[in-house]
S.K.: 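Following this message is one structure expressed as structure tokens.
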Amino acid sequence: MIDLKVLREDPEAVRASQRARGEDGGAVDALLSADERRRSAVSRADTLRAEQKQFGKQVGKARGEERDALLAKGKELAAEVKAAEAEQSEAEKELDQAHRALPNLVDTAAPVGGEDDYTVLEHVGTPREFDFTPLDHLDLGVRLGALDMERGAKVSGSRFYFLTGIGARLQLALLNLAAAQATEAGYSLMVPPVLVRPEIMAGTGFLGAHASEIYRLEEDDLYLVGTSEVPLAGYHADEILDLSAGPRRYAGWSTCFRREAGSYGKDTRGIIRVHQFDKIELFTYCAPADAAAEHQRLLAWEKELLAKIEVPYRVIDTATGDLGTSAARKFDTEAWVPTQQSYRELTSTSNCTTFQARRLNIRYRDENGKPQVVATLNGTGATTRWLVAILENHQQADGSVVVPAALRPYLGLEVIEPIA
RNA sequence: GGAGGAUUCGCAUAGUGGCCUAGUGCGCACGAUUGGAAAUCGUGUUGGGUGUUAAAACCCUCGGGGGUUCAAAUCCCCCAUCCUCCGCCA
């Protein structure tokens, strides 16, 4: 939810943000009038309640006929209060709905436009020239005994897979590397629940436009998370944090589940786009004033990790129209995938400012000891998809794959050889 | 799945319809005392909303929601969470 004070003081800024996202400006005016209605309803109900309270005290003292008269009048007042309270709660419900319907305000520094209007901030490394025809990650994975899509489909359907043998070990090595770096950087490593309650899922902003992406367990009214951002954001819901020692940083290690609805036919080969994968997710709670700097730090940590797997990549500043509901700004890193001759997203870091925290009621005490809403940010540590970039970029003519130096201590191998 | 118990201000507790504007202890903050400290004494100490330039004032908040009543921490109903036990399953 956005800050209603900002809305009241500068509705035009909110409308501009909506336009930048390519969304409806009418939602802004709906929210403004809902806010107006709620305030007048609250004020009416407050006045009546005050009157009734004073009145109730007189009844307690009165006796006899006087008491009977007061009781009659009291009944009237009670009915009025009840009506005013019903009006108030109706107005509050409407406000909440309108409030939650509005996505976060975009950062004015983010490039305006649709999916393809991102800005490339930098290129790191140079795509390798192959003197042989490189195999894609699926062919490589099968030859190395690392990946089995067919049995994944047999057991669970399309977009499911088994990481087998060295594939499973490679993923563990990668996630351990990421977990170790995150721990060193001051993140607390967390293994969170991957099933969450509706209010937590809604609080992180995933039940709006992207609800169809999410698995829901109807019987239990729980959602499977698409990233541990969700449980990590919920971790401090309804709390007032002490941030006097600096931001709270968590690294979540979890499996992630995505329905990939609407992506039929896209990336059907291999493990680029799958229903289930593993990820280390970086998550920060900090004072809103520190959020932009923390966002840069998250990006820097992602780049540090990418350097360790030694793949060429670029960094993009995502356009406003392609931002998630909660994000004000988002930087993606995209690794070069040789067999696709293109860059594919490996990490994504979003500054959600106070948007999620306002929904989840997460605050901190400012220097005056007053509760204020915190800012939340998230970024990718490492994911299953990284295996694609590692395998393809480090393959050799004989079908073996050189293990990047930083991964060797975690895998215990310098080269992964084909099994047959 | 079943039975019982619990949920009150950071923590611990008191509170069985109006004197609860929620008491007490601990903790915490500030002050007094002291050469300084401990002890002691005093004052303050949930969060949110309406309102205001700011304040004042007012309203809500005793796990959540609903109900009874002129009036609910207190009575009734539903739900959540935690604990104990039984059953079932792994």
Side-chain angles (χ1 to χ4, degrees), chain A residues 1-10 31-100 192-203 207 216-223 230-231 234-245 248 285 287-288 354-374:
Chain A
M1 293 186 276
I2 66 162
D3 188 347
L4 287 179
K5 265 194 218 123
V6 170
L7 176 75
R8 286 173 203 148
E9 281 161 18
D10 192 359
L31 182 55
L32 264 174
S33 66
D35 180 45
E36 204 56 51
R37 271 201 308 279
R38 184 195 73 105
R39 284 154 76 189
S40 66
V42 164
S43 153
R44 255 197 315 280
D46 273 2
T47 309
L48 279 168
R49 266 191 296 259
E51 212 179 307
Q52 191 198 27
K53 262 173 90 163
Q54 286 310 111
F55 192 79
K57 285 184 183 157
Q58 296 175 34
V59 177
K61 292 178 204 141
R63 291 285 174 277
E65 269 177 44
E66 187 194 3
R67 186 182 163 95
D68 292 340
L70 286 173
L71 280 179
K73 168 78 178 155
K75 267 191 212 253
E76 272 173 51
L77 251 180
E80 276 180 67
V81 167
K82 200 169 174 180
E85 283 183 342
E87 220 172 292
Q88 177 184 346
S89 77
E90 185 57 30
E92 278 170 348
K93 215 172 97 192
E94 277 171 27
L95 174 65
D96 189 62
Q97 262 172 22
H99 203 178
R100 283 177 185 273
V194 295
L195 283 166
V196 300
R197 299 165 175 281
E199 58 270 30
I200 300 296
M201 190 55 90
L207 286 188
R216 170 158 186 239
L217 278 77
E218 179 96 42
E219 278 289 290
D220 301 285
D221 203 15
L222 290 169
Y223 291 91
V230 176
Y235 187 65
H236 284 306
D238 297 319
E239 293 183 25
I240 298 176
L241 302 176
D242 180 3
L243 294 182
S244 57
R248 296 283 188 101
Y285 295 89
T354 55
F355 184 84
Q356 290 179 327
R358 195 166 279 113
R359 294 175 160 221
L360 290 166
N361 188 29
I362 310 169
R363 292 164 295 167
Y364 75 105
R365 289 193 191 276
D366 66 16
E367 53 282 3
N368 302 316
K370 231 188 133 227
Q372 303 281 359
V373 181
V374 300

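Bear in mind that the values here come from a model prediction, so they are computed numbers and not experimental data. Throughout, a chain's letter reflects where its sequence line sits, starting with A, and its residues are numbered from 1.
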S.K.: Say you pick atom C1' in B:rA37 and the same atom in B:rU53; how far apart are they, in whole Å?
M.R.: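 That atom pair is separated by 46 Å.
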S.K.: May I ask which nucleotide in the shown strands pairs with B:rG36, Watson-Crick or G-U wobble, both distances under 3.5 Å?
M.R.: none
S.K.: Does A:Lys53 put a side-chain nitrogen or oxygen below 4.0 Å from OP1 or OP2 of B:rC59?
M.R.: yes
S.K.: Please report the C-alpha distance between A:Asp96 and A:Lys93 in whole Å, then the side-chain angles of each, then the deciding distance to 0.1 Å, and finally whether the salt bridge (Lys or Arg N to Asp or Glu O under 4.0 Å) criterion is met.
M.R.: CA-CA 5 Å; A:Asp96 189 62; A:Lys93 215 172 97 192; over 6 Å; no
S.K.: Can you tell me how far C1' in B:rG51 sits from the matching atom in B:rC59, rounded to whole Å?
M.R.: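 Going atom to atom, C1' in each nucleotide, I get 11 Å.
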S.K.: What is the distance, to the nearest angstrom, from the NZ atom on A:Lys73 to the P atom on B:rA71?
M.R.: 14 Å
S.K.: With both distances kept under 3.5 Å, what pairs with B:rG42, Watson-Crick or G-U wobble?
M.R.: B:rC30
S.K.: Please determine, for B:rU13, whether a Watson-Crick or G-U wobble partner exists with both distances under 3.5 Å, and give it or none.
M.R.: B:rG23
S.K.: What is the pairing partner of B:rU69, taking Watson-Crick or G-U wobble pairs with both distances under 3.5 Å in any strand?
M.R.: none
S.K.: Taking only side-chain nitrogens and oxygens of A:Arg38, does any of them come within less than 4.0 Å of OP1 or OP2 of B:rG49?
M.R.: no
S.K.: Rounded to whole angstrom, note down the C1' distance from B:rC9 over to B:rC60.
M.R.: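 To the nearest whole Å, 15 Å.
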S.K.: In whole Å, what separates the C1' atom of B:rA55 from that of B:rU50?
M.R.: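 Rounded to whole Å, the distance is 15 Å.
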S.K.: Check every atom of B:rC58, B:rC70, B:rG48 against the side chain of A:Lys75 and return the nucleotide holding the closest atom.
M.R.: B:rC70
S.K.: For B:rG63 versus B:rG10, give the span between their P atoms, rounded off to a whole number of Å.
M.R.: 13 Å
S.K.: Nearest 0.5 Å, what's the CD-CD distance between A:Gln52 and A:Glu80?
M.R.: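 A:Gln52 atom CD to A:Glu80 atom CD measures 9.5 Å (nearest 0.5 Å).
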S.K.: Looking only at side-chain atoms of A:Ala50, point me to the closest of B:rU68, B:rG47, B:rC58.
M.R.: B:rC58
S.K.: Donor-acceptor pair, distance only, cut-off 3.5 Å: does the side chain of A:Arg359 make one with the backbone of A:Ala202?
M.R.: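 Yes.
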S.K.: Counting just side-chain N and O atoms, does A:Lys82 come under 4.0 Å of either OP1 or OP2 of B:rU68?
M.R.: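 For A:Lys82, the contact criterion (side-chain N or O under 4.0 Å from OP1 or OP2 of B:rU68) is met.
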S.K.: Counting only N and O atoms by type, is there a donor-acceptor contact under 3.5 Å from the side chain of A:Arg358 to the main-chain atoms of A:Val373?
M.R.: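 Such a contact is absent between A:Arg358 side chain and A:Val373 backbone.
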S.K.: Shortest non-hydrogen contact from A:Ala357 to A:Val374?
M.R.: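 Closest heavy-atom pair between A:Ala357 and A:Val374: CB-O, 3.2 Å.
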S.K.: Give me the distance, rounded to whole Å, that separates B:rU43 from B:rU33 when you measure between the C1' atoms they each carry.
M.R.: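 Roughly 15 Å separates the two C1' atoms.
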S.K.: Which nucleotide, if any, forms a Watson-Crick or G-U wobble pair with B:rU52, using both distances under 3.5 Å?
M.R.: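 Partner of B:rU52: none found under 3.5 Å.
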S.K.: Please confirm whether the shortest side-chain N or O distance from A:Arg365 to OP1 or OP2 of B:rU45 is below 4.0 Å.
M.R.: no
S.K.: What interatomic distance, in whole Å, is found between C1' of B:rA3 and the corresponding atom of B:rU8?
M.R.: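 About 26 Å, rounded to a whole number of Å.
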S.K.: Roughly how many Å is it from CG in A:Leu48 to C1' in B:rA71, rounded to a whole number?
M.R.: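 Nearest whole value for this atom pair: 16 Å.
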S.K.: Using only heavy-atom distances, decide whether a donor-acceptor pair under 3.5 angstrom links the side-chain of A:Asp46 to the base of B:rG49.
M.R.: yes
S.K.: With respect to the phosphate group of B:rC58, does any side-chain polar atom (N or O) of A:Arg49 fall under 4.0 Å of OP1 or OP2?
M.R.: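 So the side-chain polar atoms of A:Arg49 never come under 4.0 Å of the phosphate oxygens OP1 or OP2 of B:rC58.
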S.K.: For A:Asp242 and A:Ser244, which heavy atoms make the closest approach, and how far apart are they?
M.R.: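 Smallest heavy-atom distance, with atoms named: OD1-OG, 2.7 Å.
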S.K.: Tell which nucleotide pairs with B:rG4, taking only Watson-Crick or G-U wobble pairs whose two distances are both under 3.5 angstrom.
M.R.: B:rC83
S.K.: Taking OP1 and OP2 of B:rC70, is either one under 4.0 Å from a side-chain nitrogen or oxygen of A:Gln52?
M.R.: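 For A:Gln52, the contact criterion (side-chain N or O under 4.0 Å from OP1 or OP2 of B:rC70) is not met.
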S.K.: Please report, rounded to the nearest Å, how far the C1' atom of B:rG49 is from the CG atom of A:Leu95.
M.R.: 12 Å
S.K.: So, OP1 or OP2 of B:rU81: does either fall under 4.0 Å of a side-chain N or O from A:Arg197?
M.R.: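 Indeed, a polar side-chain atom of A:Arg197 lies that close.
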S.K.: Which nucleotide sits closest to the side chain of A:Ile240: B:rG47, B:rC70, B:rU68?
M.R.: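 Comparing B:rG47, B:rC70, B:rU68 against the side chain of A:Ile240, the answer is B:rG47.
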S.K.: Looking only at side-chain N and O atoms, does A:Arg363 come under 4.0 Å of OP1 or OP2 in B:rG48?
M.R.: yes
S.K.: Can you tell me, in whole Å, how much space there is between the P of B:rC62 and that of B:rG47?
M.R.: 16 Å
S.K.: By nearest nucleotide on RNA chain B, pick out whichever of A:Ser89 and A:Thr47 is the more 5' one.
M.R.: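 The answer here is A:Thr47.
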S.K.: My understanding is that a pair needs two contacts under 3.5 Å, Watson-Crick or G-U wobble. By that rule, which nucleotide pairs with B:rC62?
M.R.: none
